[in-house]
Asker: 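Sharing a structure with you now.
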2 protein chains.
Amino acid sequence: MPRAVKKAQTSTGCSVERALSLIDGKWKIVILYKLLRGTLRFNELRRLIPGVTQRMLTHQLRELEADGLIVRVVYAQVPPRVEYSLSTRGQSLEPVLLALKHWGDTNLSSREAEAA
Amino acid sequence: MPRAVKKAQTSTGCSVERALSLIDGKWKIVILYKLLRGTLRFNELRRLIPGVTQRMLTHQLRELEADGLIVRVVYAQVPPRVEYSLSTRGQSLEPVLLALKHWGDTNLSSREAEAA
DNA sequence: CTGTATCCGGCACGATACTG
DNA sequence: CAGTATCGTGCCGGATACAG
């Protein structure tokens, strides 16, 4: 994705651009998509998204959290346990994510369009 | 958007990522969105997208064309006239674009998008 | 397990000037 | 009008090491 605009920018008068600014970043949409299925732990996300590094995963998760799209829950345990899930706002992105998935399946004709 | 992955990458097994790779770039989605309304000329797009430079507009348009999302028609006239419009594949993105617009309007609107 | 800290390269993008 | 050409750069994102 584009780096889109740095921070939400109302001047453009285009809500699409503002929406884009929240989901820019190389992994955000994929993260959100994975979370559609339900709560996931840090390493679970890591495994589900091949190629992402700890740094980027952490960074993108933090941004998503800051934008109120996901919820981060930390359990004070000896082996740390952190769970990520979609916030209400994040869940409202479902139509977009599914539309994107559907489009990808339809127009990129991947025979293995396995439901990730 | 993220720079996504450079070129379509099948290995991830996620059609969403492949779809994303086609719409990465800072202005692509906005361009596509503007073209939903119909054919537009180069400078018309330029005016509709404040902040975009000639270079970037040209570049993004070329990528969109290469990915088969838009159609570029050149009229051999003395004042050059180039028209851009969505291809069939591009038009198939309409649900995604509208979903994104709807989400933006709903969640980023002037009033708080509380949506508990 | 779930992160932070640091270093660093590349390319995405911008600014400007020029052209058919 | 609709682009190229060229140059410069921010910062995104990868690699690696360290930490609670």
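Computed over heavy atoms, backbone and side chain alike; hydrogens, waters and symmetry mates excluded. Sequence lines set the chain letters: A, B, ... in the order given, protein chains first and strands last, and positions in each chain run from 1.
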Asker: In this structure, how many angstroms lie between the P atom of C:dG3 and the CD atom of A:Gln77, rounded?
Answerer: 13 Å
Asker: Would a hydrophobic clustering, with Ile, Leu, Val, Met, Phe, Trp and Tyr connected at side-chain separations under 4.5 Å, put B:Val73 with B:Leu32?
Answerer: no
Asker: Is any side-chain N or O of A:Arg62 closer than 4.0 Å to OP1 or OP2 of C:dG3?
Answerer: yes
Asker: Please report, rounded to the nearest Å, how far the P atom of C:dA12 is from the NE2 atom of B:His59.
Answerer: 7 Å
Asker: If you compare every side-chain N and O of B:Tyr84 against the phosphate oxygens of D:dC1 (OP1, OP2), does one of them come in below 4.0 Å?
Answerer: no
Asker: Between atom CD in B:Glu83 and atom P in D:dG3, what is the gap in whole Å?
Answerer: 12 Å
Asker: I need the CG-P distance between B:Leu57 and C:dA15, as an integer number of Å.
Answerer: 14 Å
Asker: Quickly work out the B:Arg47 CZ to D:dA2 C1' distance and round it to whole Å.
Answerer: 13 Å
Asker: Taking the minimum atom-to-atom distance to the side chain of B:Phe42, which one of D:dA2, C:dG3, C:dA17 wins?
Answerer: D:dA2
Asker: Taking any heavy-atom pair under 4.0 Å as a contact, classify A:Pro79: base, sugar-phosphate, or nothing.
Answerer: nothing
Asker: Could you please name the option among C:dG3, D:dG3, D:dA2 that lies closest to any side-chain atom of B:Arg41?
Answerer: D:dA2
Asker: As a quick check of understanding, evaluate salt bridge (charged side-chain N to carboxylate O under 4.0 Å, His left out) for A:Arg81 and A:Glu83, giving each step before the final call.
Answerer: CA-CA 7 Å; A:Arg81 178 188 187 88; A:Glu83 292 186 340; 3.1 Å; yes
Asker: When you get a sec, tell me which of D:dA15, D:dC7, C:dG3 is the closest nucleotide to the side chain of B:Arg55?
Answerer: D:dC7
Asker: Measure CZ/B:Arg46 against P/C:dA15 and give the value in whole Å, please.
Answerer: 11 Å
Asker: Would you mind telling me which of D:dG13, D:dA2, C:dG14 lies closest to the side-chain atoms of A:Lys26?
Answerer: D:dG13
Asker: For A:Arg72, answer base if it contacts any base atom (sugar-phosphate contacts may also be present), sugar-phosphate if it contacts only those atoms, and nothing otherwise; contact means non-hydrogen atoms under 4.0 Å.
Answerer: sugar-phosphate
Asker: Run through B:Asp105, B:Ile29, B:Leu97, B:Leu98 and flag the one making a side chain to side chain contact (heavy atoms under 4.5 Å, CB included) with A:Val16.
Answerer: B:Ile29
Asker: Decide whether A:Leu40 and A:Tyr33 are clustered together by the hydrophobic rule: side chain heavy atoms of Ile, Leu, Val, Met, Phe, Trp, Tyr closer than 4.5 Å, transitively.
Answerer: yes
Asker: What is the distance, rounded to the nearest whole Å, between atom CD of A:Gln60 and atom P of C:dT4?
Answerer: 14 Å
Asker: 5'-most contact on DNA chain D: A:Gly51 or A:Val78, nearest heavy atom basis?
Answerer: A:Gly51
Asker: Of the listed nucleotides (C:dG3, D:dG20, C:dA15), which one gets closest to any side-chain atom of B:Thr53?
Answerer: C:dA15
Asker: State which of C:dC13, D:dA2, C:dT4 makes the closest approach to the side chain of B:Met56.
Answerer: C:dC13
Asker: Can you tell me how far CG of B:Leu35 sits from CG of B:Leu45, rounded to the nearest 0.5 angstrom?
Answerer: 5.0 Å
Asker: Nearest whole Å is fine: how far is C:dC1 P from A:Leu45 CG?
Answerer: 14 Å
